[in-house]
Each structure stands twice: as C-alpha cells, then as structure tokens.
S.K.: 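Just dropping this structure here.
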Protein chains: 2
Amino acid sequence: MPYSNFASMPCTLSRPAALLGERWTLLLLRQIFLGTRRFEDFQATMDISRSVLTDRLNVLLQENVLKRVPYSEDGRTRHEYRLTEKGRDLYPVLMALRTWGEKWMAPDEEESFHLHHRDCGGGVRAKVECTGCGAELSARDVEVTARQ
Amino acid sequence: MPYSNFASMPCTLSRPAALLGERWTLLLLRQIFLGTRRFEDFQATMDISRSVLTDRLNVLLQENVLKRVPYSEDGRTRHEYRLTEKGRDLYPVLMALRTWGEKWMAPDEEESFHLHHRDCGGGVRAKVECTGCGAELSARDVEVTARQ
DNA sequence: GTAGCTGAGTTCGAAAATCGAACGCAAGGG
DNA sequence: CCCTTGCGTTCGATTTTCGAACTCAGCTAC
C-alpha cells in the first residue's frame with residue numbers, strides 16, 4: 001500500500017495521521033495557529049519552497065481544514081488562509097505536541113512563545129480523559145479492542 | 001531553512017512537529033500503540049519499504065521514543081521495539097488525532113478498533129485544559145505571547 | 001500609458017527521499 | 001550441509017522536494 005492510500009483507510013486514526021504526517025503540514029498548522037495567514041508570510045517564516053507550500057495549502061483547503069478568505073488592502077482584493085471550524089478543532093493535536101515537547105525536548109529551555117488562558121491566566125496542557133468517569137488516562141489505562 | 005533544521009529550533013512545538021511530521025512516523029506510532037513490536041510485523045501491516053522502516057525506527061530509537069528489547073523465541077534471541085516512557089507519553093498526541101478523526105473524518109463510520117477505560121469501560125477523548133482553573137480550552141480561549 | 005512594484009502563485013532542472021526487489025547474514029532445524 | 005526465519009542492507013528506478021527564475025494581475029508613480 002502506498003502512503004497515500006492511508007488517506008482512505010477506514011480508521012479514524014490512520015487518516016488524520018496520514019494527512020498531518022506529510023512533511024511540512026504540522027509546521028504549517030503551527031504557524032497558522034500562531035496567526036500567520038498569507039502565502040508570503042508562510043514562505044518567509046518557514047522557508048518552505050513555494051511549490052510545496054502551494055501543494056500543502058491546497059490539500060488543507062480540500063480537506064476543509066483551511067478556507068480562503070478575501071480581504072482588502074490598499075484597495076486591492078487579496079486572499080488569506082484561515083482555519084475553518086474543522087481546522088480550529090485540531091488545536092488539541094498541536095497542544096498535545098507542545099505538552100510533550102515541553103516535558104521531553106526542552107527540560108531547561110525558555111519557551112519560544114507563551115500560552116495562557118484568557119480568562120484566568122493559567123497555563124495550557126493537553127490530556128486524555130475518560131468520557132465515562134472523567135479520569136485522566138494514560139496508554140496503560142486504555143484497552144484496545146481491534147477489529148482488524 | 002531546510003526541513004531538518006526544525007529539529008533544532010528552540011521551540012517546544014516545532015521540534016515535535018518536525019519529528020512526527022516525517023512521512024510514516026505517525027502511522028508507525030499508531031501501529032506501536034496498537035501493539036505491533038517487530039520489524040516484520042510493521043513491514044507487513046503498513047507495507048512500508050524496508051529501508052524507510054529501518055530509518056524511522058532508528059530515528060525513534062535515537063530520540064529515545066522507542067527502545068530495543070531482547071526476548072527469546074524458540075531459544076533464539078531476538079529484539080523487539082517498545083515504547084519508552086517518553087514514547088508512551090505521546091499517547092495524547094495520537095488520541096487527539098483520533099478524537100479529531102472521529103468528529104471530522106468519519107461521521108457515520110464504524111471505528112476500526114474500539115478503545116475503553118479498563119476501570120470503568122468509558123470512552124476515550126483528548127482535550128486541552130487550563131492548568132489554573134481546570135476549564136476545557138479551545139484555540140479561542142488561549143492567548144499567544146510570541147517571543148519570535 | 002508605461003514602467004515598476006508586490007503578492008501570489010507556476011515552471012523546471014537538480015537534489016533528496018522513497019520504492020521494490022534482490023541480496024546478506026546469523027541462528028536454528030532437519 | 002541446506003533450508004527457513006527475522007532483520008536488516010544495497011541499489012537502480014520513481015516520486016517528492018528544492019531553489020531559482022518566470023508569470024501574471026492589479027495598483028502607483030511618472
């Protein structure tokens with residue numbers, strides 16, 4: 001099976017993993033969550049090649065993670081890339097990566113940006129929770145019943 | 001900046017994103033969390049090319065996400081790939097992908113495997129939480145203070 | 001009106017990553 | 001011995017990515 005076929009696998013983990021597991025896609029989403037919206041700005045801040053950037057943006061548009069929104073500047077109409085609701089819902093994925101990165105890849109390093117809850121100023125952390133009892137879960141607390 | 005340089009960026013989100021954003025890596029981790037441990041089994045279930053599989057396993061070994069553990073079978077010593085504590089801590093990342101996949105990529109589809117909390121039988125869900133007040137957070141509840 | 005600038009891509013040859021198939025190798029079994 | 005198994009390595013062909021140049025539309029200045 002080529003990599004691209006995972007995009008159509010009947011598995012709710014494989015398909016997101018294949019989509020976000022393409023080179024640049026996670027880094028592009030990071031940049032978007034940090035507020036970048038325009039082609040030129042992605043290109044400048046990430047130093048990605050323009051053709052690959054075009055491709056990744058188009059994939060995310062097609063998946064309805066991003067939308068192109070027109071706006072005016074100097075009387076000219078341009079477009080910017082913004083998250084859809086589906087895209088905004090990827091926030092836990094990015095935060096899970098960051099929570100992991102803070103714990104395991106930067107023990108005594110300054111964060112390059114700081115996040116806090118608007119309402120109370122608290123920090124931000126991703127976690128896995130039981131929908132039944134509300135307990136926080138680790139891999140070992142969870143049983144897998146495979147169907148394939 | 002080439003893609004690989006993100007591996008040394010001083011950002012606790014970029015570096016995990018660059019590591020897990022390599023092709024196959026997320027799918028490989030999925031397979032590991034589902035219990036696959038041996039080279040041949042990865043190769044068979046994912047149909048990844050052997051050389052790339054070798055490379056990805058080595059990267060994850062080097063990052064200390066996986067460890068090679070000897071075991072005996074038929075009196076022969078072999079090795080299997082298992083998660084370290086650092087690796088097990090990636091669980092929220094995978095669960096965040098799955099939570100997203102269930103909501104947005106499979107509205108009326110059977111799950112290909114089922115997960116439940118050993119203790120109470122409940123379902124599993126990833127979320128982002130405020131470390132101050134404990135509220136569940138979405139992207140819009142969080143303020144970013146960039147330092148770069 | 002025409003020359004230049006700017007944002008947003010497109011094109012294309014070179015370089016890197018991935019693929020698949022064959023090969024290597026060590027340990028056991030027959 | 002020769003065969004099998006698990007686990008890789010090697011290598012030539014294909015696919016992706018890279019980087020630099022090119023295009024194009026809509027202003028802005030002259």
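Labels below follow one simple rule: chain letters A, B, ... track the order of the sequence lines, proteins then strands, and each chain is numbered from 1.
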S.K.: Please give, in whole Å, the distance from D:dG19 P to A:Ile48 CD1?
M.R.: 11 Å

S.K.: Check whether any side-chain N or O of A:Tyr71 sits under 4.0 Å from OP1 or OP2 of C:dG7, and answer yes or no.
M.R.: no

S.K.: Nearest to the side chain of B:Trp24, which nucleotide is it out of D:dT9, D:dT5, C:dT18?
M.R.: C:dT18

S.K.: Is the distance from the ring center of A:Tyr91 to that of B:Trp100 below 6.0 Å?
M.R.: no

S.K.: For A:Arg68 and C:dG9, give me the distance from atom CZ to atom C1', rounded to whole Å.
M.R.: 9 Å

S.K.: Could you go through the side-chain hydrogen bond (donor to acceptor under 3.5 Å, both in side chains) check for A:Arg88 and B:Ser138 one step at a time?
M.R.: CA-CA 8 Å; A:Arg88 256 179 278 120; B:Ser138 75; over 6 Å; no

S.K.: Donor-acceptor pair, distance only, cut-off 3.5 Å: does the side chain of A:Arg98 make one with the backbone of A:Ala126?
M.R.: no

S.K.: How close or far is atom C1' of D:dT17 from atom CG of A:Leu53, stated in whole angstroms?
M.R.: 13 Å

S.K.: Roughly how far, to the nearest 0.5 Å, is NE2 of B:His114 from NE2 of B:His116?
M.R.: 5.5 Å

S.K.: For A:Glu22 and D:dT16, give me the distance from atom CD to atom P, rounded to whole Å.
M.R.: 8 Å

S.K.: Find the distance B:Asn5:CG to D:dC18:C1' and express it as a whole number of Å.
M.R.: 14 Å

S.K.: Whether A:Tyr81 contacts C:dG9 is assessed here as follows: a side-chain N or O lying under 4.0 Å from the phosphate OP1 or OP2. Is that the case?
M.R.: yes

S.K.: Output yes when a side-chain donor or acceptor of B:Tyr81 lies under 3.5 Å from a complementary backbone atom of B:Leu57, and no otherwise.
M.R.: no

S.K.: Does A:Phe42 reach a base, just sugar-phosphate, or nothing at all? Heavy atoms under 4.0 Å.
M.R.: nothing

S.K.: On DNA chain C, compare the nucleotides closest to A:Phe39 and A:Pro2; which residue's is nearer the 5' end?
M.R.: A:Phe39

S.K.: Nearest whole Å is fine: how far is C:dA8 P from A:Leu57 CG?
M.R.: 11 Å

S.K.: Please state whether the phosphate of C:dG9, meaning OP1 or OP2, lies under 4.0 angstrom from any side-chain nitrogen or oxygen of A:Arg56.
M.R.: no

S.K.: Would you mind reading off the distance between B:Arg50 atom CZ and C:dG20 atom C1', rounded to a whole angstrom?
M.R.: 11 Å

S.K.: Distance check: side-chain N/O of A:Arg78 vs OP1/OP2 of C:dG9, anything under 4.0 Å?
M.R.: no

S.K.: Where the side chain of B:Ser49 is concerned, which of C:dG20, D:dT17, C:dG7 is the nearest nucleotide?
M.R.: C:dG20

S.K.: Can you measure A:Glu80 atom CD to C:dT6 atom P for me and round it to whole angstrom units?
M.R.: 20 Å

